[in-house]
Amino acid sequence: MLKQITKQLAMHSLRNFSTTGQNNFKVAVCGASGGIGQPLSLLLKQNPLVSDLRLYDIVHTPGVAADLSHIDTKSGTAGFMGPDEISGALDGAEVVVIPAGVPRKPGMTRDDLFNVNAGIIRDIVRVIAAKCPKAMIAVITNPVNTCVPIAAEILKKAGVYDPKRLFGVSTLDVVRARTFIGEAVGADPQKVHIPVIGGHSGITIIPVLSQSQPAFKGDQTAIEKMTVRIQEAGTEVVKAKAGAGSATLSMAYAGARFANSLLRGMSGEKNVVECSYVQSNVTEASFFATPLVLGKDGIQENCGLPNLNDFEKKLLVTALPELKKNIQKGVDFAKS
Ligand SMILES: NC(=O)c1ccc[n+]([C@@H]2O[C@H](COP(=O)([O-])OP(=O)(O)OC[C@H]3O[C@@H](n4cnc5c(N)ncnc54)[C@H](O)[C@@H]3O)[C@@H](O)[C@H]2O)c1
Ligand SMILES: O=C(O)C[C@H](O)C(=O)O
């Protein structure tokens, strides 16, 4: 199985074309005017699998949509602003990508965003449940570890939850791991393949360096340094932006890559694999990121845990209590 996963990860590239099936998907972005939302929408406007791009935010979407609509790609672009217009944005959407919500400032953890962002996710997902209950939902909003369980509970309450269609976007962790390992071993990052499992915050991010291709060779100190760099990469950007937010451009790239992989799977392409944070029974945490095969109906197969060495097993043991706490917080919020 591991060989298969590694091969599938190795086959991943930013291929945009599906020769096999549907290539006219309706995609909505909620939070489309933000630091992530705008460049993400720009990248989605260039995706040939998208025919209808709906941009929702509480501010500025008429301008963002007018601007993007002049780009000479096939998709139509429409802006929807404020709670009165969210239903129009989501009606019949097949993929909904959500970067709505506040980002971190230096000194904050992702969990510090919970008080504001939990309610934003709840409200958007309620409308998804009513207007596009079969949509694939990709949650970028932090804390991802908690927001995805909130979304699941809201969908359950509405009687439309399909765990195969709900994703926490942890692609930026994979993108970063590829970049940093590529730099360290002198390889093109596009040719580096490595699973990153667990959750999306600090110690819950588990880069499985032992499975990197090409191999990441180094003593234990180098391995630990690389692990911490990947785990703390978001904070590295937050510090560098010095109060002006968190990663936006690299996240837009990662979000566009994940959306593209979803669309490729939905269009019938085979062997599309991405790591993502989803409902899971792979560990004792009820949500957990592992490599997934994506298909017409979302998750086609959960590839499970890659082989872990002793160090990575320890990372997993350390991550699980924190992850379970994050998940429970979301479940409690949605139930209250
Ligand atoms: N998953 C990841 O890897 C990852 C990476 C980077 C950032 N993030 C998270 O993404 C989120 C957005 O970050 P950003 O830098 O784009 O922030 P931002 O403040 O630049 O943009 C957020 C946008 O959300 C909009 N918004 C607020 N409430 C809304 C609502 N109820 N409905 C629709 N839109 C609403 C705002 O108007 C704004 O345009 C943050 O929570 C951040 O932590 C996640
Ligand atoms: O670090 C953050 O707050 C944003 C995001 O989760 C990231 O990993 O860059």
Side-chain angles (χ1 to χ4, degrees), residues 28-42 54-64 79-87 89-90 96-128 138-148 150-151 167-177 179 196 198-202 204-205 207 229-241 243-259 274-277 289 326:
V29 179
C30 293
S33 303
I36 296 166
Q38 290 202 38
L40 172 61
S41 301
L42 171 62
R54 290 103 173 264
L55 308 178
Y56 174 71
D57 202 300
I58 51 173
V59 293
H60 304 319
T61 36
V64 177
F80 301 82
M81 190 166 70
D84 291 346
E85 296 188 4
I86 186 171
S87 291
L90 294 178
V96 182
V97 189
I98 313 179
V102 291
R104 284 200 282 167
K105 289 191 187 317
M108 292 172 81
T109 66
R110 291 177 182 83
D111 188 54
D112 292 334
L113 304 173
F114 171 84
N115 285 342
V116 178
N117 289 352
I120 293 176
I121 286 295
R122 177 198 57 207
D123 295 347
I124 291 172
V125 174
R126 278 185 182 153
V127 186
I128 293 174
V139 178
I140 292 173
T141 307
N142 272 317
V144 169
N145 291 1
T146 306
C147 288
V148 177
I150 292 173
F167 303 87
V169 182
S170 57
T171 320
L172 184 52
D173 301 319
V174 177
V175 166
R176 286 167 169 157
T179 306
V196 182
H200 176 68
S201 75
T204 70
I205 299 170
R229 171 123 199 252
I230 295 164
Q231 291 177 326
E232 292 301 321
T235 305
E236 187 177 315
V237 178
V238 170
K239 281 186 185 153
K241 290 202 174 179
S246 56
T248 53
L249 302 173
S250 51
M251 182 59 237
Y253 169 85
R257 166 178 153 156
F258 184 72
E274 284 288 352
C275 292
S276 177
Y277 179 72
N326 297 161

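Note: hydrogens, waters and symmetry copies are ignored here, and every other heavy atom, side chains too, is used. Order of listing sets the numbers, starting from 1, for every ligand and every atom in it.
Listed by number with element, the atoms of ligand 1 under 4.0 Å from a non-hydrogen atom of N117 are 41 (O). The distance from ligand 2 to the heavy atoms of R104 drops below 4.0 Å at these ligand atoms: 1 (O), 2 (C), 3 (O). Listed by number with element, the atoms of ligand 1 under 4.0 Å from a non-hydrogen atom of V59 are 37 (O). For ligand 1, the atoms lying closer than 4.0 Å to a non-hydrogen atom of A247 are 6 (C), 7 (C). Taking every non-hydrogen atom of V144 and a distance limit under 4.0 Å, the qualifying atoms of ligand 1 come out as 1 (N). Close approach of ligand 1 to T248 (heavy-atom distance below 4.0 Å) involves ligand atoms 15 (O). Using a 4.0 Å cut-off to heavy atoms of Y56, the atoms of ligand 1 that qualify are 32 (N), 33 (C). The atoms of ligand 2 that sit less than 4.0 Å from any heavy atom of A247 are 9 (O). The S246 neighbourhood of ligand 2 comprises atoms 2 (C), 3 (O), 4 (C), with distances under 4.0 Å to a heavy atom of that residue. The atoms of ligand 2 that sit less than 4.0 Å from any heavy atom of G234 are 1 (O), 7 (C), 8 (O), 9 (O).
Between P207 and D173, every side-chain heavy-atom pair lies at or beyond the 4.5 Å cut-off. L40 places a side-chain heavy atom less than 4.5 Å from the side chain of P99. Side-chain contact check for V238 versus M108: every heavy-atom pair is 4.5 Å or farther apart. Between S201 and D111, the closest side-chain pair of non-hydrogen atoms is not below 4.5 Å.
Checked against a 3.5 angstrom limit, the closest N/O atoms of N142 and ligand 1 fall inside it. Considering backbone and side-chain N/O atoms, I140 comes within less than 3.5 Å of an N/O atom of ligand 1. An N or O contact shorter than 3.5 Å is missing between T141 and ligand 1 by distance. For R110, a nitrogen or oxygen atom sits less than 3.5 Å from a nitrogen or oxygen atom of ligand 2, counting backbone and side chain alike.
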Requested in this report: Please assess I140 against I98 for the test side chain to side chain contact (heavy atoms under 4.5 Å, CB included), listing each intermediate value before the final yes or no.
Outcome: CA-CA 6 Å; I140 292 173; I98 313 179; 5.9 Å; no
Requested in this report: Report the C-alpha separation of R110 and T146 in whole Å, then their side-chain angles, then the decisive distance to 0.1 Å, and conclude whether the side chain to side chain contact (heavy atoms under 4.5 Å, CB included) test is met.
Outcome: CA-CA 10 Å; R110 291 177 182 83; T146 306; over 6 Å; no
Query raised in the report: Passes side chain to side chain donor-acceptor pair (under 3.5 Å), N145 versus T204? Steps please.
Result: CA-CA 9 Å; N145 291 1; T204 70; 3.2 Å; yes
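In terms of heavy atoms, M81 sits closest to H60 at SD-N, 3.3 Å. Here the closest non-hydrogen pair linking A89 and A28 is O-CB, 3.8 Å. Closest heavy-atom contact between S41 and A32: OG-CB, 4.0 Å. Of all heavy-atom pairs between S170 and A289, the closest is OG-CB, 4.0 Å. The two residues G34 and P39 make their nearest non-hydrogen contact at O-CD, 4.1 Å.
Taking only non-hydrogen atoms, the option from P39, G31, G101 nearest to atom 22 (C) of ligand 1 is G101. Remark: among candidates V102, V29, L113, the nearest residue to atom 41 (O) of ligand 1 is V102, based on non-hydrogen atoms. The option from P103, G234, G35, G34 that lies nearest to atom 19 (O) of ligand 1, judged by heavy atoms, is P103. Nearest to atom 8 (O) of ligand 2 by heavy-atom distance, out of M251, E236, R176, is R176.
Looking only at protein heavy atoms, the nearest one to atom 38 (C) of ligand 1 is D57 OD2, 3.6 Å. Looking only at protein heavy atoms, the nearest one to atom 27 (C) of ligand 1 is I58 CD1, 3.8 Å. Of the protein's non-hydrogen atoms, I120 CD1, 3.4 Å is the one closest to atom 28 (N) of ligand 1. With respect to atom 4 (C) of ligand 1, the closest heavy atom belonging to the protein is M251 SD, 3.4 Å. In this structure, the protein non-hydrogen atom closest to atom 6 (O) of ligand 2 is H200 NE2, 2.6 Å.
Contact between D123 and ligand 1 is absent, with no heavy atom of the residue lying under 4.0 Å from the ligand. Heavy atoms of P99 approach ligand 1 to within less than 4.0 angstrom. Every heavy atom of C30 sits 4.0 Å or more from the atoms of ligand 1.
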Distance-only check: which donor-acceptor pairs under 3.5 Å involve side-chain atoms of residues 114-126, not counting sequence neighbours?
{"residue": "N117", "atom": "OD1", "partner": "V102", "partner atom": "N", "Å": "2.8"}
{"residue": "N117", "atom": "ND2", "partner": "V102", "partner atom": "O", "Å": "3.0"}
{"residue": "N117", "atom": "ND2", "partner": "N142", "partner atom": "O", "Å": "2.8"}

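Only side-chain heavy atoms of N142 come within less than 4.0 Å of ligand 2; its backbone N, CA, C and O stay farther off. Proximity of I36 to ligand 1, defined as any heavy-atom pair under 4.0 Å, is shared by backbone and side chain alike. Counting heavy atoms closer than 4.0 Å to ligand 1, residue D173 contributes nothing at all. With a heavy-atom cut-off of 4.0 Å, H200 touches ligand 1 through its side chain alone. For A100, heavy-atom contacts with ligand 1 shorter than 4.0 Å involve the backbone as well as the side chain. At a heavy-atom cutoff of 4.0 Å, ligand 2 is contacted by the side chain of L172 but not by its backbone.
A side chain to side chain contact (heavy atoms under 4.5 Å, CB included) with R176 is found for exactly one of T171, I205, V237, namely V237.
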